[in-house]
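Structure first, then comments.
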Amino acid sequence: MTDSTVDRMVRAATALLDSLDDDQRAAAHFPWPSEEERQRWFYTPTDHGGLPLTRMRPVQQQRTMQLLATGLSRAGYVTAATIMGLENVLDELEGWDVDWGRERGRDPQLYWVAVFGEPSHAGPWSWRFGGHHVSVHHLVVDGRVQASTPCFFGADPAESPLLGGHLLRPLGAAEDLARDLVRSLDEERLARALLTPRAPVDIVSANRSRLSDGDHLLPLADTWRGRFTEQRLIDRVQTMHETAEARAGTRPEDRDAVRYTTVPKGLAARDMTAEQRDQLRALLDVYLRRVPDEIAEREAAKFAGDALLDVHLAWAGGTERGEPHYYRVQGPRLLVEYDNTQRDVNHIHSVWRDPEGDFGFDVLARHLAAHHAG
């Protein structure tokens with residue numbers, strides 16, 4: 001029996017592809033498996049691969065957003081749409097003059113869609129939607145959505161003023177729930193959770209397709225598609241990274257403290273109080289429930305009951321609001337990373353990954369073995 005989510009994805013992807021002309025389709029539709037391209041992903045304002053909204057008619061843009069909505073929960077879709085709209089806010093914040101080598105550097109229509117293979121209930125096929133601060137991936141195999149990571153949301157600015165004294169905070173829960181949890185820890189537990197008092201200037205896993213034990217933070221330039229050829233852009237991206245680390249006071253020992261390891265760092269849920277474990281579960285839900293309910297329920301079930309005990313929380317940076325901070329939630333088949341250090345602690349990056357199954361590595365290996373055995 002197929003998931004209703006798969007039904008919606010097949011209909012939306014088919015409708016989108018059918019609406020494209022030959023040139024558009026050549027950009028958006030990749031033959032299966034196209035693994036090198038399928039496993040590339042980004043969260044910087046670079047070319048994410050596929051067909052951008054800027055090359056679509058309005059109805060095609062709408063169909064792209066319909067496809068995106070099939071891969072997110074209602075709250076997840078609203079969050080993603082808000083993040084995309086922040087490009088207009090960021091453009092104004094930066095004085096309208098950041099271009100990144102193109103006519104407009106901050107553009108709410110520079111989001112790309114790509115479909116790999118033929119949309120069907122059986123599969124395998126997959127699709128990707130991404131642009132600045134949004135990266136969504138789904139793989140369909142044997143009538144089910146089998147993989148939904150990496151799933152990245154960011155926000156710049158992380159908070160913006162609204163009328164009446166309210167704040168727009170698309171990722172506010174990811175910040176507040178984690179801070180409440182870490183501040184609830186007693187001195188001994190906090191010492192085990194705290195990796196370093198200096199937060200890294202970005203998520204450590206970056207946009208690597210596969211993670212390896214010992215991975216360190218990547219330079220900003222390495223998170224873009226290709227290398228800049230204009231010297232002014234080369235200098236800009238290098239200066240941005242160096243300035244961020246200088247302001248943070250990053251030392252070699254800080255970089256080593258937050259490097260990715262396959263053995264989780266920090267405080268295990270088994271060593272938390274029952275109330276703190278509930279807080280950790282609520283924080284985890286902020287990430288898992290980005291996706292449609294039936295997928296989110298399957299993911300949440302992996303950490304139900306005692307399965308949560310092996311999940312670890314690690315923190316770097318300050319614990320007061322407004323202080324640069326970073327955290328990691330890691331356990332079996334789970335990596336969550338969050339960072340808010342840039343733009344005077346008003347620029348969030350957050351990602352949910354499965355280090356063993358991103359892009360469906362494990363599922364596709366089993367599928368290939370089953371269909372080619374003997």
Side-chain angles (χ1 to χ4, degrees), residues 1-17 28-35 37-43 48-51 63-81 83-84 111-131 133-153 207 209-210 287-302 333-336 350-367:
M1 181 177 179
T2 59
D3 286 341
S4 59
T5 296
V6 173
D7 294 331
R8 293 192 294 271
M9 286 182 180
V10 170
R11 289 196 301 269
T14 300
L16 171 62
L17 292 176
H29 196 193
F30 293 78
W32 181 266
S34 300
E35 285 294 84
E37 177 60 29
R38 194 178 73 86
Q39 295 172 23
R40 300 189 75 182
W41 73 282
F42 305 90
Y43 53 85
H48 284 230
L51 180 67
R63 288 180 179 177
T64 300
M65 298 306 290
Q66 287 176 319
L67 176 59
L68 176 62
T70 69
L72 296 171
S73 63
R74 170 67 175 156
Y77 177 77
V78 171
T79 301
I83 291 167
M84 294 169 65
Y111 288 80
W112 287 257
V113 65
V115 177
F116 300 87
E118 298 301 325
S120 71
H121 291 91
W125 70 282
S126 70
W127 62 273
R128 175 181 72 204
F129 178 90
H133 284 158
V134 175
S135 191
V136 175
H137 306 251
H138 287 288
L139 169 72
V140 177
V141 181
D142 297 330
R144 286 165 62 92
V145 177
Q146 299 278 14
S148 301
T149 58
C151 183
F152 181 100
F153 282 171
N207 65 318
S209 296
R210 292 180 183 260
Y287 291 85
L288 303 184
R289 297 192 182 277
R290 292 176 174 183
V291 295
D293 291 345
E294 58 256 50
I295 304 174
E297 292 296 337
R298 292 204 307 259
E299 294 297 329
K302 297 176 183 177
R333 306 293 300 262
L334 172 70
L335 176 66
V336 161
S350 72
V351 70
W352 161 37
R353 301 193 66 165
D354 175 352
E356 297 176 41
D358 281 340
F359 306 104
F361 293 142
D362 56 334
V363 173
L364 290 173
R366 293 195 301 269
H367 179 82

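The nearest pair of heavy atoms linking A80 to L72 is CB-CD1, 3.9 Å. The nearest pair of heavy atoms linking A114 to G50 is CB-CA, 4.2 Å. For the residue pair V136 and G71, the shortest heavy atom distance occurs at CG1-O, 4.4 Å. When all heavy atoms of G360 and A147 are compared, the closest pair comes out as N-CB, 3.4 Å.
Side-chain N or O atoms of Q146 include one that pairs as donor or acceptor with a backbone N or O of V141 at under 3.5 Å. Distance alone, capped at 3.5 Å, is enough to place a donor-acceptor pair between the S209 side chain and the Q39 backbone. Here the side chain of W125 pairs a donor or acceptor atom with the backbone of S120 at under 3.5 angstrom. Between the side chain of S350 and the backbone N or O of F153 there is at least one donor-acceptor pair closer than 3.5 Å.
Atoms CG and CD, from L334 and E356 in turn, are 11.0 Å apart once rounded to the nearest 0.5 Å. Atom CD1 of residue I295 and atom CZ of residue R290 lie 14.0 Å apart, to the nearest 0.5 angstrom. Distance CG/L364 to CG/L139: 5.0 Å, rounded to 0.5 Å. Here NE2 of H29 is found 10.0 Å from CG of L16. Values are rounded to the nearest 0.5 Å.
Take F152 and apply the ring pair (Phe, Tyr, Trp, His ring centres under 6.0 Å) test, not counting sequence neighbours, and it matches Y43, H349. Every residue two or more places apart in sequence or in another chain that forms a ring pair (Phe, Tyr, Trp, His ring centres under 6.0 Å) with W112 is listed here: H48. With sequence neighbours excluded, the residues forming a side chain to side chain contact (heavy atoms under 4.5 Å, CB included) with A300 are D285, L288, R289, listed by chain and number. R63 meets the side chain to side chain donor-acceptor pair (under 3.5 Å) test with no other residue; sequence neighbours excluded. Considering only residues two or more places apart in sequence or on other chains, N207 meets the side chain to side chain donor-acceptor pair (under 3.5 Å) condition with none of them. Residues satisfying the side chain to side chain donor-acceptor pair (under 3.5 Å) criterion with S148, sequence neighbours excluded, are H138. A search for side chain to side chain donor-acceptor pair (under 3.5 Å) contacts involving R40 returns nothing, not counting sequence neighbours. For T149, the side chain to side chain contact (heavy atoms under 4.5 Å, CB included) partners are W352, D354, D358, not counting sequence neighbours. Annotation: side chain to side chain contact (heavy atoms under 4.5 Å, CB included) contacts of A12 (sequence neighbours excluded): L67, T70. Remark: F116 pairs with F30 by the ring pair (Phe, Tyr, Trp, His ring centres under 6.0 Å) rule, at least two apart or across chains. Applying the side chain to side chain contact (heavy atoms under 4.5 Å, CB included) test to P355 and every residue at least two apart in sequence or in another chain returns L211, Y260, L335.
Within the structure, salt bridge (charged side-chain N to carboxylate O under 4.0 Å, His left out) contacts touching residues 111-131 (residues at least two apart or in different chains) are E37-R128.
Two residues are said to be in side-chain contact when any heavy atoms from C-beta on lie closer than 4.5 Å; L68 and Y77 meet this criterion. Between S126 and H137 the shortest side-chain heavy-atom distance does not fall below 4.5 Å. Between F359 and R210, every side-chain heavy-atom pair lies at or beyond the 4.5 Å cut-off.
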Yes or no on side-chain contact (heavy atoms from CB on, under 4.5 Å) for M65 and M84, after CA distance, side-chain angles and deciding distance?
-> CA-CA 11 Å; M65 298 306 290; M84 294 169 65; 3.9 Å; yes
Full working for salt bridge (charged side-chain N to carboxylate O under 4.0 Å, His left out) between R11 and D7 = CA-CA 6 Å; R11 289 196 301 269; D7 294 331; 5.0 Å; no
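A salt bridge links D362 to R333: one of the charged nitrogens lies within less than 4.0 Å of a carboxylate oxygen.
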